[in-house]
J.: 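I have a structure I would like to understand better, so I am pasting it below and will then ask my questions one at a time.
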Amino acid sequence: MVGAMVTVVTHPLVQHKLSVMRDVRTGVKEFRELAAEVSVLLAYEAMRDLELAPQTLDTPIQSGEFPMLSGKKLALVAILRAGLVMTDAIVGLVPAAKVGHLGMYRDPNTLKPVDYYNKLPADIAERRVFLTDPMLATGGSASAAIQSLKDAGAQSIKLMCILAAPEGIAVIERDHPEVEIVTAAIDPRLDSHGYIVPGLGDAGDRIYGTK
Ligand SMILES: O=P(O)(O)OC[C@H]1O[C@H](OP(=O)(O)OP(=O)(O)O)[C@H](O)[C@@H]1O
Ligand SMILES: O=c1cc[nH]c(=O)[nH]1
Ligand SMILES: [Mg+2]
C-alpha cells in the first residue's frame with residue numbers, strides 16, 4: 001500500500017512482466033499478451049475483497065458448506081482503446097461480469113480527454129465496477145470515466161491500471177477520493193507531452209500496432 005487508496009501489486013511475476021512490457025524491443029503480440037496476463041494478476045489483487053457466502057453442495061465424496069462468491073454482481077468497464085485488452089482478459093476470471101465500454105481519447109495538444117462512446121450495463125448501480133485502463137497519466141481520462149460511471153449510477157468503483165503517475169493518482173484522489181486504485185507500478189513523473197516516464201510508451205499503440 002502507498003496511500004490509503006492505492007495498492008501497488010509488487011508480486012515478482014507482475015514486476016517481471018511489466019519490465020518486459022517496458023522494453024522497447026517487445027513487439028505487439030508479446031506486449032498484448034503480457035498486458036492481458038498482468039491484468040489477470042492485478043484482478044486477483046483488486047478482487048481480494050469480494051464477498052463469499054457458504055453454499056451447500058455435494059463433492060463426489062461428501063456434502064458440505066463451501067465458500068462461493070456472493071454479494072454484489074460485477075461490472076468490468078474498459079476505457080477504450082487500451083483498457084479493452086484488460087477487460088477481455090479479466091472477464092475470463094469472472095465470466096458472470098457484465099462489460100461496459102467508455103470511448104475516450106486524449107487530445108494530444110490539450111491532454112484533455114475527448115468522449116466518443118458510452119455503453120454501460122443498465123444495472124450498473126447494483127454492480128461493483130472495475131474500471132480498466134493500462135495508463136493513468138494526467139488522470140484526465142480516468143477521472144472523466146469515473147464521472148461517467150457515477151452519472152450512470154455506479155456506487156462502487158475500483159480503478160485498475162498497469163502503470164500510474166503521481167499526477168494521475170493525485171487527480172483521482174482529488175476528484176474521486178473514495179475510488180481505490182490498483183496498479184502494477186507508480187513511475188516518477190510525466191514528460192512535457194503527458195507521457196509517463198520512464199513508462200512503457202503509448203499503450204494503445206503498442207497493443208494494437210498503430211505506430
Ligand atoms: O491519464 P491521461 O493523461 O488521461 O492519459 C491516459 C490515457 O491515454 C491513453 O489513451 P489514448 O488517449 O492514447 O487513447 P487510446 O487508448 O485510444 O490509444 C491511455 O490508454 C489512457 O486512456
Ligand atoms: O505514457 C502514457 C501516457 C498516456 N497514455 C499512454 O498510452 N502512455
Ligand atoms: Mg494511445
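As the structure lists them, so they are numbered: ligands from 1, and atoms in each ligand from 1. One is the number of the first residue; the rest follow in order along the sequence. Keep in mind that the numbers below use all heavy atoms, side chains included, and drop hydrogens, waters and symmetry copies.
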J.: Within a radius of less than 6.0 Å around NZ of Lys112, do more than 12 heavy atoms belonging to other residues, nucleotides or ligands occur?
T.: no

J.: Quick test of your reading of the model: are Arg128 and Asp49 salt-bridged, counting only N-O distances below 4.0 Å?
T.: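 Salt bridge: yes.
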
J.: Return the option from Gly199, Gly201, Ala137 holding the heavy atom at the smallest distance from atom 8 (N) of ligand 2.
T.: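 Nearest heavy atom to atom 8 (N) of ligand 2 lies in Gly201.
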
J.: I want to confirm something. Looking only at heavy atoms, which of Arg106, His193, Arg81 is nearest to atom 11 (P) of ligand 1?
T.: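 Heavy atom nearest to atom 11 (P) of ligand 1 belongs to Arg106.
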
J.: Could you tell me whether Thr138 approaches ligand 1 through its side chain, its backbone, both or neither, with non-hydrogen atoms closer than 4.0 Å?
T.: both

J.: Measuring from Leu18:CG to Leu34:CG, what's the distance to the nearest 0.5 Å?
T.: 9.5 Å

J.: Salt bridge (charged side-chain N to carboxylate O under 4.0 Å, His left out) with Lys17: which of Glu37, Glu33, Glu30?
T.: Glu37

J.: Find all atoms of ligand 2 within a distance of less than 4.0 Å from any non-hydrogen atom belonging to Ala203, and give their numbers and elements.
T.: 6 (C), 7 (O)

J.: Select the closest option to atom 4 (O) of ligand 1 among Gly139, Ala165, Ala203, Ser141, judged by heavy-atom distance.
T.: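 Shortest heavy-atom distance from atom 4 (O) of ligand 1: Ser141.
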
J.: Report the part of Leu111 in contact with ligand 1, treating N, CA, C, O as backbone and CB onward as side chain, heavy atoms under 4.0 Å; options are side chain, backbone, both, neither.
T.: neither

J.: Say whether Arg106 and ligand 2 are in contact under the criterion: heavy-atom distance to a ligand atom below 4.0 Å.
T.: yes

J.: Looking at Arg81 and Asp133, is any side-chain nitrogen of the basic one under 4.0 Å from a carboxylate oxygen of the acidic one?
T.: no

J.: Do the side chains of Asp202 and Arg206 get close enough for a salt bridge, i.e. N-O under 4.0 angstrom?
T.: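 A salt bridge is absent here (no side-chain N lies under 4.0 Å from a carboxylate O).
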
J.: Does some side-chain heavy atom of Met135 sit less than 4.5 Å from a side-chain heavy atom of Ile196?
T.: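 Of all side-chain heavy-atom pairs linking Met135 with Ile196, at least one is under 4.5 Å.
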
J.: Quick one: which ligand 2 atoms are inside 4.0 Å of a heavy atom on Gly194?
T.: 3 (C)

J.: Tell me the closest heavy-atom pair linking Leu50 and Phe130, and the distance in Å.
T.: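 The pair with the smallest heavy-atom distance is CD2-CZ, 4.2 Å.
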
J.: Counting both backbone and side chain atoms, is some N or O of Leu136 under 3.5 Å from an N or O of ligand 1?
T.: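 Such a contact does not occur with ligand 1.
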
J.: Output the list of atoms in ligand 1 that are nearer than 4.0 Å to some heavy atom of Ala82, sorted by atom number.
T.: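 That gives atoms 16 (O), 20 (O) of ligand 1.
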
J.: Would you check the N or O atoms of Gly204, main chain and side chain alike, for any that come under 3.5 Å of an N or O of ligand 2?
T.: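 N/O-N/O distance under 3.5 Å: no.
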
J.: Run the side chain to side chain contact (heavy atoms under 4.5 Å, CB included) check on Leu69 and Leu52 step by step: do they pass?
T.: CA-CA 5 Å; Leu69 288 176; Leu52 293 170; 3.9 Å; yes

J.: By number and element, which atoms of ligand 1 are closer than 4.0 Å to a non-hydrogen atom of Leu80?
T.: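 Answer, ordered by atom number: 16 (O).
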
J.: Going by distance only, is there an N or O of Tyr116 that falls short of 3.5 Å from an N or O of ligand 1?
T.: no

